[in-house]
Amino acid sequence: MGDAVELEVAGRTVRLSSPDKVFFPERGYTKLDVARYYAAVAPGILRALRDRPTTLQRYPDGIEGEWFYQKRAPKGMPDWIPTAHITFPSGRSADEMCPTEEAAVVWAAQYGTLVFHPWPVRRTDVDHPDELRIDLDPQPGTDYDDAARAAHELRAVLDEYGLRGWPKTSGGRGLHVFVPIEPRWTFTQVRRAAIAVGREMERRMPEKVTIKWWKEERGERIFIDYNQTARDRTIASAYSVRPRAHAPVSAPLRWDEVGVAHPEDFDITTMPGRFAELGDVHADMDEHAFSLEPLLELARRDEQDHGLGDLPYPPEYPKMPGEPSRVQPSRARKPKPSAS
């Protein structure tokens with residue numbers, strides 16, 4: 001696997017063992033290639049991760065080996081990487097790493113981390129998200145171009161309610177739009193705002209967009225996955241490497257690139273050049289913090305005027321107040337016909 005190497009990253013020395021271990025067999029990309037990629041885009045991914053509790057998606061033997069999510073801070077983590085104590089819906093808790101330096105990202109790559117999953121909170125306040133994250137997920141029969149069309153309509157919706165989003169590719173077929181918000185609302189309230197956005201999108205693009213939780217009801221539409229805003233649900237960060245054969249990455253985009261650039265344009269070999277030329281195109285996100293009140297007012301109107309309340313949580317979550325049945329519609333008991 002080759003002798004260990006040392007990488008200099010923003011004033012820190014990070015040791016990389018087995019640098020020649022192949023992580024992406026189809027392209028021959030190695031652990032060292034991944035570490036060098038993260039060093040090249042370090043200012044950008046640190047912007048996405050800074051002070052956020054972060055789950056690591058690790059592939060110690062490459063994408064064809066076993067993998068796992070590491071929620072608790074790894075043993076032996078350097079003392080210059082801080083942690084935050086977070087609580088899961090189950091009531092259990094853990095200390096997660098919170099990158100504050102560029103070298104922390106390369107250090108995680110040493111342990112086979114490909115994908116970084118930051119919480120939408122900062123370590124100073126882990127109960128109040130400072131990002132509303134909207135996941136546009138293409139369902140069977142739809143593709144990235146469909147997600148891009150939905151994203152432009154989403155941009156218009158956000159603008160009408162006084163918010164601005166920053167788009168990025170998921171690294172797969174979908175798109176993510178992140179909205180920086182004031183850290184004043186709970187996870188439950190942020191999720192409620194995401195549902196309101198999804199319902200407004202359904203009204204505007206009923207044949208193209210859905211917020212239906214059950215797959216059997218979604219059809220060939222873009223699913224707005226509102227549950228990605230629930231506590232302990234995370235989305236791959238900007239610049240994260242995705243575990244697919246060609247080593248794609250989640251690419252921050254300008255709005256004029258949405259629908260023009262495509263996910264296959266961005267991988268660990270092409271993104272460093274783009275970053276060197278353009279820098280982090282989402283660098284100004286942290287300069288903004290929008291109010292959720294307009295979306296929460298929309299949610300209140302949906303409930304009062306149309307009877308549209310909460311939607312199902314994922315199955316592993318405890319039952320929530322006001323939540324409807326989690327029974328798949330096709331398996332729900334049909335009411336017995338009344339006797340004549």
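Not measured: the values here are computed from a predicted model. Along the sequence shown, the residues carry numbers beginning at 1.
Looking at W213 and R326, their side chains never come closer than 4.5 Å, going by heavy atoms from C-beta outward. Side chains of V105 and F116 form a contact here, defined as non-hydrogen atoms less than 4.5 Å apart. Within the 4.5 Å cutoff, the side chain of H282 has heavy atoms near those of the K168 side chain. Residues K212 and W214 fail the side-chain proximity criterion, which asks for heavy atoms closer than 4.5 Å. Using a 4.5 Å heavy-atom cutoff, the side chains of H117 and S240 are not in contact. With contacts defined as side-chain heavy-atom distances shorter than 4.5 Å, the pair M77/T83 qualifies. In this structure, I235 and F178 have side chains that are in contact, with non-hydrogen atoms separated by less than 4.5 Å.
One side chain, H128 or D125, offers a donor N or O that lies under 3.5 Å from an acceptor on the other. One side chain, Q70 or R58, offers a donor N or O that lies under 3.5 Å from an acceptor on the other. Side-chain polar atoms of S90 and R92 form a donor-acceptor pair below 3.5 angstrom. A side-chain donor-acceptor contact under 3.5 Å links T13 and E8. For the residue pair Q139 / R218, a side-chain donor-acceptor distance below 3.5 Å is found, with atom types taken as modelled.
A salt bridge links R123 to D51: one of the charged nitrogens lies within less than 4.0 Å of a carboxylate oxygen. With respect to the salt-bridge test (charged N to carboxylate O, under 4.0 angstrom), the residues E200 and R203 qualify. D146 has a carboxylate O that lies under 4.0 Å from a charged side-chain N of R149, or vice versa, which qualifies the two as a salt bridge. Under the 4.0 Å criterion applied to side-chain N and carboxylate O atoms, D284 and R164 are assigned as salt-bridge partners. Between R52 and E131, at least one side-chain nitrogen of the basic residue sits less than 4.0 Å from a carboxylate oxygen of the acidic one, meeting the salt-bridge criterion. Between R192 and D310, no side-chain nitrogen of the basic residue sits less than 4.0 Å from a carboxylate oxygen of the acidic one, so the salt-bridge criterion is not met. Under 4.0 Å is where a charged nitrogen must lie from a carboxylate oxygen, and between D280 and R274 no such pair does. One finds no salt bridge joining E6 and R15 here, because no Lys/Arg side-chain nitrogen approaches an Asp/Glu carboxylate oxygen to under 4.0 Å. A salt bridge does not link E303 to R300: none of the charged nitrogens lies less than 4.0 Å from a carboxylate oxygen. Residues R173 and E264 are not paired through a salt bridge, judged by the lack of any N-O separation under 4.0 Å between the basic side chain and the carboxylate. A salt bridge does not link E26 to R244: none of the charged side-chain nitrogens sits closer than 4.0 Å to a carboxylate oxygen. Under the 4.0 Å criterion applied to side-chain N and carboxylate O atoms, E102 and R47 are not assigned as salt-bridge partners.
The aromatic rings of F290 and H288 lie parallel to each other, with less than 30° between the two planes, well short of the 60° mark.
Judged by distance alone, the side chain of T169 and the main-chain N or O of A251 form a donor-acceptor pair under 3.5 Å. For the pair E202 (side chain) and R199 (backbone), a donor-acceptor distance under 3.5 Å is absent. Using a distance-only test at 3.5 Å, with no hydrogens or angles considered, no donor-acceptor pair links the side chain of K31 to the main chain of A109.
Residues V9 and Y239 are members of one and the same hydrophobic cluster, defined by side-chain heavy-atom contacts under 4.5 angstrom among Ile, Leu, Val, Met, Phe, Trp and Tyr.
Between W166 and H176, the ring centre distance reaches or exceeds 6.0 Å. No close placement of the Y59 and F68 rings is indicated, their centers lying 6.0 Å or farther apart. Here Y69 and W67 bring their ring centres to under 6.0 angstrom of each other.
A 6.0 Å sphere centred on CD of E66 holds no more than 12 heavy atoms belonging to other residues, nucleotides or ligands. The neighbour count for E316 CD, taken as heavy atoms of other residues, nucleotides or ligands under 6.0 Å away, is above 12.
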After noting the C-alpha distance and the side-chain angles of R27 and D33, does the key distance pass the salt bridge (charged side-chain N to carboxylate O under 4.0 Å, His left out) rule?
CA-CA 11 Å; R27 299 292 177 90; D33 291 326; over 6 Å; no
Please lay out, stage by stage, how N227 and R191 fare under the test side chain to side chain contact (heavy atoms under 4.5 Å, CB included).
CA-CA 7 Å; N227 271 328; R191 180 177 172 276; 2.9 Å; yes
Kindly indicate, with the supporting measurements, whether the criterion side chain to side chain contact (heavy atoms under 4.5 Å, CB included) is fulfilled by T30 and F23.
CA-CA 5 Å; T30 65; F23 272 27; over 6 Å; no
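Figure legend: R231 and Y317 shown without cation-pi pairing, the cationic atom not lying both under 6.0 angstrom from the six-membered ring centre and within 45 degrees of its axis. A cation-pi arrangement is found for K71 relative to F88, the charged atom lying closer than 6.0 Å to the ring centre and inside a 45° cone about the ring normal.
Closest of all the heavy-atom pairs between L296 and Q189 is CD2-O, 3.4 Å.
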